[in-house]
Asks: 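Could you have a look at this structure, given as structure tokens, before my questions?
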Amino acid sequence: MMSTNIWQQINQSMESTIDTLRQSVVQIVTNEGAIGAGTIWHSDGLIITNAHVILKDKQTPHDDLSVILPDDNLHTAQVIGFDVSKDLAALAIDVKDLPTITAGNSSNLVAGRWVMAVGHPWGVIDSLTSGVIIGIGINLPERFDDREWIALSLKLRPGHSGGPLVDVDGHLIGINTMIAGPEVGFAIPVDVVKGFVNETVKGLEIT
């Protein structure tokens, strides 16, 4: 009986964490349909996603980007900036008092830590998948590009791109970015994302 109660408590705690997390996850769409996910970083409408989500070619953003909030309301999105080399982009929508994601840290991540990824794979809204960190750093296997990555043992699918990778507390530790195989994915560490936000969004400093 005690064991059952412990698992019930764990499940209830995780359900609460995920429900809160999903309030800060958005859909990014064009007139042709959904193209990816994003997270709300500031209550005044700042949204962070992958650059490849918002670009129609290597340097040109889509002309008709919109964001669908968790309440299903659609808002026109403005591109604040993007960095192709980091595969990150910042969008703005004209909405106030939005729920925001809590940014954690990626400097203390280690292999074996349990993580969760949220996105919209194959059009399934706010789908969650979980797994563990394989490794973190530069020049990981399959990624010889001198960029820092989080390598993951979990199932990322098209539509997860730009969505949050979080720890068991629901704190953002990375941005889901790349599929490397059926069970392997890569995310951009949140400390890299913070640097991009601070460089791109003037007057806003994320620590």
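Scope of the values below: all heavy atoms of this structure, side chains included, with no hydrogens, waters or symmetry mates. Keep in mind that this is a model prediction, so the values were computed, not measured.
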Asks: Do Thr30 and Asp64 get their side chains close enough for a donor-acceptor pair, meaning under 3.5 Å?
Replies: no
Asks: Please tell me if the side chains of His120 and Asp126 come closer than 4.5 Å, counting only heavy atoms from C-beta onward.
Replies: yes
Asks: Between Glu199 and Lys86, does any NZ, NE, NH1 or NH2 come within less than 4.0 Å of an OD or OE carboxylate oxygen?
Replies: yes
Asks: Run the side-chain contact (heavy atoms from CB on, under 4.5 Å) check on Gln27 and Ile125 step by step: do they pass?
Replies: CA-CA 8 Å; Gln27 302 172 65; Ile125 305 304; 3.2 Å; yes
Asks: Which atom names give the shortest non-hydrogen contact between Ser106 and Ile173, and what distance separates them?
Replies: CB-O, 3.9 Å
Asks: How far does CG of Leu65 sit from CG of Leu55, to the nearest 0.5 angstrom?
Replies: 9.0 Å
Asks: Between Ile175 and Asp87, does a side-chain contact (heavy atoms from CB on, under 4.5 Å) hold up when you go through it step by step?
Replies: CA-CA 10 Å; Ile175 299 293; Asp87 200 2; over 6 Å; no
Asks: Kindly give the heavy-atom pair with the smallest separation between Leu21 and Pro164, and that separation in Å.
Replies: CD1-CG, 4.2 Å
Asks: Testing the basics here: between Ala111 and Ile134, what is the closest heavy-atom pair and its distance to 0.1 Å?
Replies: CB-O, 3.2 Å
Asks: Does CG in Asp94 sit with more than 12 non-hydrogen atoms of other residues, nucleotides or ligands closer than 6.0 Å?
Replies: no
Asks: Provide the closest heavy-atom pair for Ile54 versus Ala89 in the form atom of the first, atom of the second, distance.
Replies: CG1-CB, 3.7 Å
Asks: Where is the tightest heavy-atom contact between Ser24 and Pro99, given as atom of each residue plus distance?
Replies: CB-O, 3.8 Å
Asks: Are any non-hydrogen side-chain atoms of Leu46 and Trp41 less than 4.5 angstrom apart?
Replies: yes
Asks: Counting only heavy atoms not in Asn108, do more than 12 fall under 6.0 Å of its CG?
Replies: yes
Asks: Which heavy-atom pair separates Phe82 from Pro61 by the least distance, and what is that distance?
Replies: CE2-CG, 3.7 Å
